[in-house]
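Residue numbering restarts at 1 for every chain, and letters A, B, ... go by the order of the sequence lines. All values below come from the heavy atoms of this structure, side chains included, with hydrogens, waters and symmetry mates left out.
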There are 2 protein chains.
Amino acid sequence: MTTLLDVAKKANVSKMTVSRVINHPDKVTDELKKLVYEAMRELDYHPNVIAKALANRTTRIIKLCILEDIDTTEPYYMNLMIGIAKTLDLHQYSLQLVTRRNFDIGNCDGYIITGMRESDVSWIKDLKKPVVLFGENRYGLDYVDTNNKAATYLMSQLALEKGYDKLIYIGIDSKESFEYSREAGYLQQVQEKRMIPELHRFGNHSHMAEDFIDDNWDKIEKNTAFVCASDRLAMGIERGILRRGGKIPEDFGVTGFDGVFLNQVASPKITTIKQSIIEMGSACGENLLDKIQNGTSQGSLVFEPNVSLGGTLRN
Amino acid sequence: MTTLLDVAKKANVSKMTVSRVINHPDKVTDELKKLVYEAMRELDYHPNVIAKALANRTTRIIKLCILEDIDTTEPYYMNLMIGIAKTLDLHQYSLQLVTRRNFDIGNCDGYIITGMRESDVSWIKDLKKPVVLFGENRYGLDYVDTNNKAATYLMSQLALEKGYDKLIYIGIDSKESFEYSREAGYLQQVQEKRMIPELHRFGNHSHMAEDFIDDNWDKIEKNTAFVCASDRLAMGIERGILRRGGKIPEDFGVTGFDGVFLNQVASPKITTIKQSIIEMGSACGENLLDKIQNGTSQGSLVFEPNVSLGGTLRN
DNA sequence: TTGATTGATGTTAACGGTAACAGTTTAGTT
DNA sequence: AACTAAACTGTTACCGTTAACATCAATCAA
């Protein structure tokens, strides 16, 4: 391994000059810089991240804290990690995956936290290192997320444009911020059109939505579209309708949220909100590194929703 | 942050003694050890991993190299990473996710490599740090994998026990070692029973298997079981049979391989080989750390297969 | 008694960087 | 020419830990 000193000797300068060429190039004359760059190239010099970290009193570790149970059948976290890792690698930071259990073990320079509940807010606010959340919150913590409200607003609008004349919202029975936002998007659209909102909430399991359709089939009018808060619920609704002989998309519309894997095995495919989790993960990483390196906060980062057209809305 | 020196002062010994208490406790008297432990506890001392790494000339970084394209809809890699991360965290190592592109960036203490092709063997053998592969190979490189041959052998046996009297193998059209092993397991079972083997190979896509059934439906006898090299292929076979009005499991049997997510949405569920990727990932990590820390090789680690019963075999 | 051996502990010098300060050169001013 | 400020470069000490060596006391054989 070649070190600063090797480069310094080769270029006939001091270690410090080499260090400066790397970290504060404006403070070194072009002449010396050229010599140093040349020496670096010839010796194939790569800075030792560990030594750097020791001298700077940093760890170069970012902890990704997944606070909810990891449902490994969903590619969600995988994509998130890929996105984060991509950015961190680029900046020579490394990613440490932690959960509630091993959260405290070892030092780090910053945190990316996902799956936060209300009860976590206080300890998260007490953390001494920069934090970015993945998933919206209403406690003033910086986050990265899809614009949930805009997404359901958009979906509801789309369904109305396609001519469905009733909109029913199928939500997730949870107190989390993203769910409130999704409901709000639906509500706003419906109220702007002077329609009467109808909301139902279930645990995020398809069979619950399916049973709901089954139990209430005679009360459900034709030409209704179901705006669902997740693809799972949307699939349940779809199956329920098909089981009862309903026609999708002719007589009933269904829309989902997430664009992850379930979408791929439904038939017809769900028209849904596609989130680029990888991209959002990268953004998370960049946001956090910015905080760490410059001390500046970019604030929250909200991604505008994309509709992925399947076959559960007309046209 | 409390350091070795703080502990040393508190315990009235030298830094070195404290260091020894941590790394070579047998070389310190019990009396001093007690003092040191007490000081550590009182000061809540945690070793600085960075400084340790610098002094030891190590990086505490393990690279996980995923050489094939990451299909993020499969929980496979997620589980693998979770398993590896679990072990590494325990030993204060951190995991760096790399691909072909950024493989060389930054130093590390060892590699876990998955998705290796034949053309990769030479550079992998040239790596100067310990390596463990995830997935079997025939080039003498240590690996962790399911016993692929035993798995298809077992599945074939199971199908025969259930009374199917013809076994057709549906394999993946690839030259990778695991595929050969899976074929070999089927062949061995069939040959032991003095049956005539029949193998077909396709790309790992369900529609290919589905089309195969469709195209050859009149040639397929009742009471045949299809031993498939993946759940995807098994699902295709299942769909093909159902499309043609065949009865599963009464007249036709189907078995898969992997036990990952697709299995959960098929109907009836595929009887398949379940791999605990998380556990295997942990084993990978432990195997590698062993090599790094003790220089000893545990050799390859082969997991015996588990059958996950679905509804695609009788009984 | 003495010298050699053993075992426990301390001292020193790294590991590869960086910040803070000290020293040198250069150019500008009077 | 002498003085000063600015711009650049070098020196030193330290980040927290460990290996190698030095030291010292206790034990033991001759």
For the side chain of B/V13, counting heavy atoms from C-beta on, which of C/dG10, C/dT9, D/dT9 is nearest?
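Nearest listed nucleotide: C/dG10.
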Does any donor atom in the side chain of [X] or [Y] lie under 3.5 Å from an acceptor atom in the other side chain?
X: A/R138; Y: A/S181; result: yes
X: B/S297; Y: B/D142; result: yes
X: A/D109; Y: A/T59; result: yes

Please list, for nucleotides 25-28 of chain D, all pairs of protein and nucleotide N/O atoms separated by less than 3.5 Å.
none

Could you check whether any side-chain heavy atom of [X] comes within less than 4.5 Å of a side-chain heavy atom of [Y], counting everything from C-beta outward?
X: A/Y111; Y: A/V98; result: no
X: A/K86; Y: A/I84; result: no
X: B/R117; Y: B/L67; result: no

Rounded interatomic separation in angstrom, taking [atom1] from [X] and [atom2] from [N]:
X: B/K27; N: C/dG10; atom1: NZ; atom2: C1'; answer: 15 Å
X: B/L43; N: D/dG16; atom1: CG; atom2: C1'; answer: 15 Å
X: B/N48; N: D/dG16; atom1: CG; atom2: P; answer: 7 Å
X: B/K9; N: D/dT17; atom1: NZ; atom2: P; answer: 13 Å
X: B/I50; N: C/dC15; atom1: CD1; atom2: P; answer: 18 Å
X: B/Y45; N: D/dG16; atom1: OH; atom2: P; answer: 10 Å
X: B/L5; N: C/dT11; atom1: CG; atom2: C1'; answer: 13 Å
X: B/M1; N: D/dG16; atom1: CE; atom2: P; answer: 7 Å

So A/K149 and A/Y180, side-chain contact (heavy atoms from CB on, under 4.5 Å) or not? Walk me through it.
CA-CA 8 Å; A/K149 185 176 173 190; A/Y180 291 135; over 6 Å; no
Run through B/L64, B/T87, B/I112 and flag the one making a side chain to side chain contact (heavy atoms under 4.5 Å, CB included) with B/L95.
B/L64
Any Lys/Arg nitrogen of B/K175 or B/E118 sitting under 4.0 Å from an Asp/Glu carboxylate oxygen of the other?
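Result for this pair is no, no salt bridge flagged.
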Charged N to carboxylate O below 4.0 Å: is that the case for A/D120 and A/R100?
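Between A/R100 and A/D120 there is a salt bridge, with a charged N closer than 4.0 Å to a carboxylate O.
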Using the side chain to side chain donor-acceptor pair (under 3.5 Å) rule, take A/S174 and A/E179 through it: C-alpha gap first, then chi angles, then the decisive distance, then the call.
CA-CA 7 Å; A/S174 119; A/E179 173 59 22; over 6 Å; no
Nucleotides 5-7 of chain D: which of its N/O atoms have a protein N/O under 3.5 Å away?
none

Restricting to side chain to side chain donor-acceptor pair (under 3.5 Å), what partner residues turn up for B/N137, sequence neighbours left out?
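For B/N137 there are no side chain to side chain donor-acceptor pair (under 3.5 Å) partners, ignoring immediate neighbours.
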Look at all strands and tell whether [X] reaches a base, only sugar-phosphate, or nothing, counting heavy atoms closer than 4.0 Å.
X: A/T17; result: sugar-phosphate
X: A/T3; result: sugar-phosphate
X: A/L32; result: sugar-phosphate

Show each protein N/O and nucleotides 18-20 of chain C N/O combination with a separation under 3.5 Å, one pair to a line.
from: C/dT18; atom 1: OP1; to: A/N23; atom 2: ND2; distance (Å): 2.6
from: C/dT18; atom 1: OP2; to: A/S19; atom 2: OG; distance (Å): 2.3
from: C/dT18; atom 1: OP2; to: A/N23; atom 2: ND2; distance (Å): 3.3

Backbone N/O of A/V13 and side chain of A/T17: donor-acceptor pair under 3.5 Å
no
Expected list for residues 30-37 of chain A: side-chain donor-acceptor pairs under 3.5 angstrom, two or more places apart:
from: A/K33; atom 1: NZ; to: A/P25; atom 2: O; distance (Å): 3.0

Just report the end-to-end axis angle for the helix from C/dT1-D/dA30 to C/dT30-D/dA1, five pairs per end, to 10 degrees.
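Taking five pairs per end, the axes differ by 60°.
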